[in-house]
Structure formats: structure tokens, C-alpha cells
Amino acid sequence: AFIAAEGCKLISVDYSQIELRLVAHVAGEQSMIEAFKDGIDIHARTASEVFGIPLDQMDAETRRRAKAINFGIIYGISAFGLARQLSIPQGEARDYIAAYFDNFPGIRDYMERIKTEAREDGFVETLFGRRIHITGMVGGNAAHRGFAERQAINAPIQGSAADIIKRAMIRIPPALKAAGIKADMLLQVHDELIFEAPAASADEAVAHIT
């Protein structure tokens, strides 16, 4: 739908699995932190932990299931929701979630802690101290409380990711200008930034941006 101007290239850069990295950080989950530091595929690592399969024997379907669990946990997925997503019995999905929390107890502790804070304070905070006010944690019906709890769990993670990319958007243009590199920042899409740069200097721009 969109093309670069004549003689230019579009540059797309994004953060690698930023929300999962933030989950590992806020939860202090060392096994996940080490996996990221060592460059291990986090979905394969999760599959290995949850399903008891060695990394060198991992198949694509098992990794896909672990990926659904990794991202589902961030959004407070239920056994019903995971079962529907993976087309498996609800009891099996419930066992997967239980196994996940057994192997990554820091994430379960984070989820319980942040729900308590939101209930008591009425807000949660990103890593940079930005507050997100949460309503519906007390009173109302169970569905409303469940929605509020999922908001409380997810807001510090997605909010911190938003803070991080906005900081990058502030810092990158002057850094490129100081380096004498012409590249225009065109668009931000979640954890991705898109630039346009002369084709001759595109590689140099990438090196500075990343």
C-alpha cells in the first residue's frame, strides 16, 4: 500500500518480544530472564518447561501451543479461552496453565500482587511511574471484576512497552541528526518504528537506529 520515495528505502525496526521481556522483568522470573539473555527461543523454552520436552526435540505444534500460553497469560486467559484457541479440552488447557505457573511461579506472584495493589490503590504504574487508573476491582459482578483484574495485570506491561517506544521516538531523530544521517521517522505501530532514508545511507541508518 505504501512505497518509499524514489531513491529511498523504508526501514522497519521493532522490539523483539518486548511484552514477554517486560513480564519476565516485572515478575523477576529468572529462568525467563536467563533465556532471553542467552538468546534462547522463549516459546521453545516455555514448551520445554511446561510439556517436559527437551529443546532439541521441540516440534512446531508444541512450540505453537507454548506461544499461545505465553501471550495468553499476559492477557489473563482462562482455561476456556485457551481451550478454544488451541482446540483442546478445557481440562487439558487448565492443566497447561497450572503447569505454566508451577514452572514460572514469579509470574503468578506478580499477577496476584498487582491485583492486590490495584484493588487497594485504584491504579497501577508502568516501570516509569505513569499511573493507569483501574475501576471495577471492587463490587459489581464477577465479569466486571475479571475484566478489571486483567486490565491491572496487563496495563503495567503494555504501558511500559508504550513508554519505552515513545522514549525511543524522542531520542532517535536527534541522534540521527547528530550523526549526519538523513532518515525521517514516519510511523509508529505498537512496538515498531518505520523510517524512510536514502537508499545509499539506509544500512548506516539501521545501524544507528538499532
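We count residues from 1, following the sequence as given.
No close placement of the Y100 and Y96 rings is indicated, their centers lying 6.0 Å or farther apart. Remark: aromatic rings of F71 and H43 are close, center separation under 6.0 Å.
Heavy-atom minimum distance, P156 versus S160: O-OG, 2.6 Å. Nearest heavy atoms, M58 versus A44: CE-O, 3.5 Å. Heavy-atom minimum distance, I73 versus I77: N-CG2, 4.0 Å. The two residues Q90 and A83 come nearest to each other via the heavy atoms CA-CB, 3.7 Å. Here the closest heavy-atom approach between residue G76 and residue R150 is recorded as O-CD, 3.6 Å. The minimum heavy-atom distance between A197 and I11, with the atom names listed, is CB-CD1, 3.9 Å.
Side-chain contact check for F195 versus I172: some heavy-atom pair is nearer than 4.5 Å. Side-chain contact between R45 and S31: present, with at least one pair of heavy atoms (C-beta onward) separated by less than 4.5 Å. Using a 4.5 Å cut-off on side-chain heavy atoms (C-beta onward), E192 and V13 make no contact. Put simply, the side chain of L82 reaches to within 4.5 Å of the side chain of I69, judged on heavy atoms. Considering only heavy atoms from C-beta on, L193 stays 4.5 Å or farther from D14 through its side chain. Between E112 and T116, every side-chain heavy-atom pair lies at or beyond the 4.5 Å cut-off. Inter-residue side-chain proximity for P105 and E29 is flagged as met; some heavy-atom pair is nearer than 4.5 Å. Side chains of F36 and L20 form a contact here, defined as non-hydrogen atoms less than 4.5 Å apart.
Distance CG/D191 to CD1/I165: 6.0 Å, rounded to 0.5 Å. Atoms CG and CZ, on D109 and F104 in that order, are 13.5 Å from each other to the nearest 0.5 Å. Distance CE/M32 to OG1/T46: 5.0 Å, rounded to 0.5 Å. Note: L186 CG to E196 CD = 5.5 Å, rounded to the nearest 0.5 Å.
Each salt bridge (charged side-chain N to carboxylate O under 4.0 Å, His left out) pair with one or both residues in residues 62-75, not counting sequence neighbours, appears once here: D41-R63, E61-R64, E61-R65, R65-E92.
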Between V23 and Y110, does a side-chain contact (heavy atoms from CB on, under 4.5 Å) hold up when you go through it step by step?
CA-CA 9 Å; V23 168; Y110 159 74; 5.8 Å; no
Could you go step by step and tell me if E34 and K37 meet the side-chain contact (heavy atoms from CB on, under 4.5 Å) rule?
CA-CA 5 Å; E34 291 303 319; K37 285 182 176 179; 4.2 Å; yes
Using distance only, find each side-chain donor-acceptor pair of residues 126-137 under 3.5 Å and give its atom names and separation, not counting sequence neighbours.
from : atom 1 : to   : atom 2 : distance (Å)
T126 : OG1    : F128 : N      : 3.3
T126 : OG1    : R130 : N      : 3.2
T126 : OG1    : D163 : OD2    : 2.7
R130 : NE     : D163 : OD1    : 2.8
R130 : NH2    : G159 : O      : 3.1
R130 : NH2    : D163 : OD1    : 2.9
R131 : NE     : E125 : OE2    : 3.4

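In the hydrophobic clustering of this structure, F123 does not group with F147; members are Ile, Leu, Val, Met, Phe, Trp, Tyr whose side-chain heavy atoms approach within less than 4.5 Å, directly or through other members. If you chain together hydrophobic residues whose side chains sit under 4.5 Å apart, Y15 and M169 fall into the same group. I42 and I97 fall within the same hydrophobic cluster, defined by Ile, Leu, Val, Met, Phe, Trp and Tyr side-chain heavy atoms under 4.5 Å apart, directly or through other members. A single hydrophobic cluster is not seen to contain both I18 and I33; linkage of ILVMFWY side chains at heavy-atom distances under 4.5 Å, directly or through other members, places them apart. M185 and L10 are members of different hydrophobic clusters when ILVMFWY side chains are connected at heavy-atom separations under 4.5 Å.
Between the side chain of N103 and the backbone N or O of A99 there is at least one donor-acceptor pair closer than 3.5 Å. Between the side chain of S201 and the main chain of E204, no donor-acceptor pair closer than 3.5 Å is present. The backbone N or O of S16 sits less than 3.5 Å from a side-chain atom of R21, completing a donor-acceptor pair. Without hydrogens or angle criteria, S48 side chain to I53 main chain gives a donor-acceptor distance under 3.5 Å.
Checked for salt-bridge contact, K182 and D184 meet the test: a charged N lies under 4.0 Å from a carboxylate O.
Between the side chains of E19 and Y75, at least one donor N or O sits under 3.5 Å from an acceptor N or O.
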